[in-house]
Amino acid sequence: MSYISPFTGDVILPTDVSFRAIALTADINLAWPINGNATDDYAARIMNVTPSASSLKLYMPPANQTSVGTDALIRNMTGTAFTVVDYSGNTIISVAANKASYIYLTANPTVAGTWSIIDFGAGTSSADATTLAGLGLQAISSTLNLTHPASSFSNGYTFLSTDRAQTKVWGSGTGTVNLPVAATLANNWFMLLKNNGTGSLTVTCDASNTIDGSLTKLYNPNESSLVVCTGTEYVTIGYGVSSTFAFTALVKPIVTGSYTLTSNEVQNTIQEFVGNLTGNVTVTYPPVVNFYVVSNQTTDNGFSLTLTTGVFGGANAIIPPGQQATLICDGTNFLNANTFQAGSTSISLVNGSVGTPALNFSAETNTGVYRPGIGEFAVSILGTQRLDVTATGIAVTGSGNFTTGVSGGVFT
């Protein structure tokens, strides 16, 4: 339906005013310009609107006084939204801060009419940057920039989804913090973690997840990394090892059978194995170049502890209970790091036992020498004492074969 002149029968269109700037300080009812009359609040084809407060309204003129296709481009020039409504007060569109909207009339049987909308978006990219800004993103002028704001946390803290992209700084002594179930954060959550305190910080996972393959990860003072959630586990990127705390210790309980150390466990230079063995134990290390100080502190029940890389043909290391070894791994073999004792005139050994002599052989740890008691020196062969030397003499267990005879003394 069009607005028809009662005098000529022709369609009458309002006078086309191309542009108008409107200071919206109160609700305004617009009118169609007629014969160039611009004394009222008239509607223009392009209107730059500057609202002074929120909730203000711009009323369009009666739709039945113009023809379908009448249009207007309305731009919000401020950071405050306002609403464009039809003549009856029904909302056509809310023009957001610094946005522009294009409206046009598609039906005019009533004063309200039917208006269609095309959202033109922002006049500049600055508004888009502000709209897109979120966790890890910040709008600076007309650009979108990365941001990693720093914040501290306390002992026992559990990281949140809102910690995304933040730099979390530990500033206390020894403490423990928690990672939530990975599925609750989903794939792509991350944070930057720095131990800026005076003690070690342990990051603990939920029992259903791991961080770098383990339930926990230790951060010594000045260590840091990027912690990323995959949706099923956590991984670290750029883990920085402190040069001040070069050595860390692993205490690994063992009982019997086979164990495989994780990449997190082998980061510890000092490796201490404890437990009451019920059988021989084999521990497999990742086939990487590294240096280890290994201590077997398990109960001596006659069972062995063997270290291996699992590489076929590689040399293994056997550590008897109560003994230590300094080892070099070349990625395949375990090699003894102590081939020569420099700067010493004597070597002290632990007492050992008949089953695990203090000085033995890697291929046969139950053959060697040990100290059974005060003033005694004994030789064990395959776990059996064959020679016992004391202050009063020598005792031999088993038969002897003397190829050149025995002389001196009295034989009984």
Side-chain angles (χ1 to χ4, degrees), residues 210 212-216 218 246-341 347-373 377-386:
T210 60
D212 287 345
S214 299
L215 286 175
T216 62
L218 182 71
F247 295 99
T248 55
L250 168 71
V251 178
K252 181 75 172 178
I254 55 176
V255 179
T256 185
S258 299
Y259 296 81
T260 300
L261 295 187
T262 66
S263 59
N264 194 43
E265 289 176 320
V266 297
Q267 291 178 9
N268 300 278
T269 302
I270 300 173
Q271 308 265 321
E272 181 178 345
F273 294 91
V274 297
N276 189 6
L277 298 188
T278 60
N280 295 328
V281 171
T282 298
V283 179
T284 301
Y285 283 67
V288 295
V289 177
N290 214 338
F291 172 81
Y292 303 103
V293 178
V294 182
S295 177
N296 183 354
Q297 296 300 315
T298 60
T299 304
D300 186 2
N301 294 326
F303 300 109
S304 64
L305 169 63
T306 301
L307 311 184
T308 180
T309 61
V311 178
F312 179 77
N316 301 332
I318 300 177
I319 315 297
Q323 298 193 28
Q324 293 74 232
T326 304
L327 302 171
I328 297 173
C329 180
D330 62 4
T332 301
N333 306 288
F334 275 102
L335 307 172
N336 186 358
N338 294 325
T339 57
F340 177 72
Q341 186 78 13
I347 298 176
S348 297
L349 303 175
V350 296
N351 289 338
S353 65
V354 66
T356 55
L359 183 63
N360 56 57
F361 303 92
S362 61
E364 195 173 279
T365 58
N366 58 356
T367 295
V369 298
Y370 69 103
R371 178 177 176 268
F377 175 87
V379 175
S380 174
I381 306 296
L382 297 177
T384 300
Q385 186 189 82
R386 291 302 180 187

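Values below: every heavy atom of this structure, side chains too, minus hydrogens, waters and symmetry copies.
- A distance of 9.5 Å separates CZ of F303 from CG of N276, quoted to the nearest 0.5 Å.
- Between the N316 side chain and the T308 main chain, no donor and acceptor come within less than 3.5 Å of each other.
- With rounding to the nearest 0.5 Å, the separation of OG1 in T356 from CG in D300 is 3.5 Å.
- Using a 4.5 Å heavy-atom threshold, the side chains of P357 and V369 count as separate.
- Between D330 and L335, the closest side-chain pair of non-hydrogen atoms falls below 4.5 Å.
- Looking only at distances, a side-chain donor or acceptor of N296 sits under 3.5 Å from a matching main-chain atom of T298.
- Taking the side chain as every heavy atom from C-beta outward, I254 and L305 approach each other to under 4.5 Å.
- Using bins of under 30°, 30° to 60° and over 60° for the plane-to-plane angle, the ring pair F334/Y292 lands in the tilted bin.
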Give the C-alpha distance, both sets of side-chain angles, the deciding distance and a yes or no for side-chain contact (heavy atoms from CB on, under 4.5 Å) between L307 and V294. CA-CA 10 Å; L307 311 184; V294 182; 3.8 Å; yes
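- Here the closest non-hydrogen pair linking V379 and F377 is CG2-CE2, 4.3 Å.
- Closest approach of L327 to A317, counting heavy atoms only: CD1-CB, 3.9 Å.
- Between the T309 side chain and the P287 main chain, no donor and acceptor come within less than 3.5 Å of each other.
- Within a 6.0 Å radius of CZ in F291, other residues, nucleotides and ligands contribute more than 12 heavy atoms.
- Side-chain contact annotation: Q271 with Q324, donor-acceptor N/O pair under 3.5 Å absent.
- For the pair Q323 and N360, the minimum side-chain heavy-atom distance is below 4.5 Å.
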Full working for side-chain contact (heavy atoms from CB on, under 4.5 Å) between E272 and V251: CA-CA 5 Å; E272 181 178 345; V251 178; 4.2 Å; yes
Could you give me the CA-CA distance, side-chain angles and deciding distance for Y370 and S380, then say whether side-chain contact (heavy atoms from CB on, under 4.5 Å) is met? CA-CA 8 Å; Y370 69 103; S380 174; 3.8 Å; yes
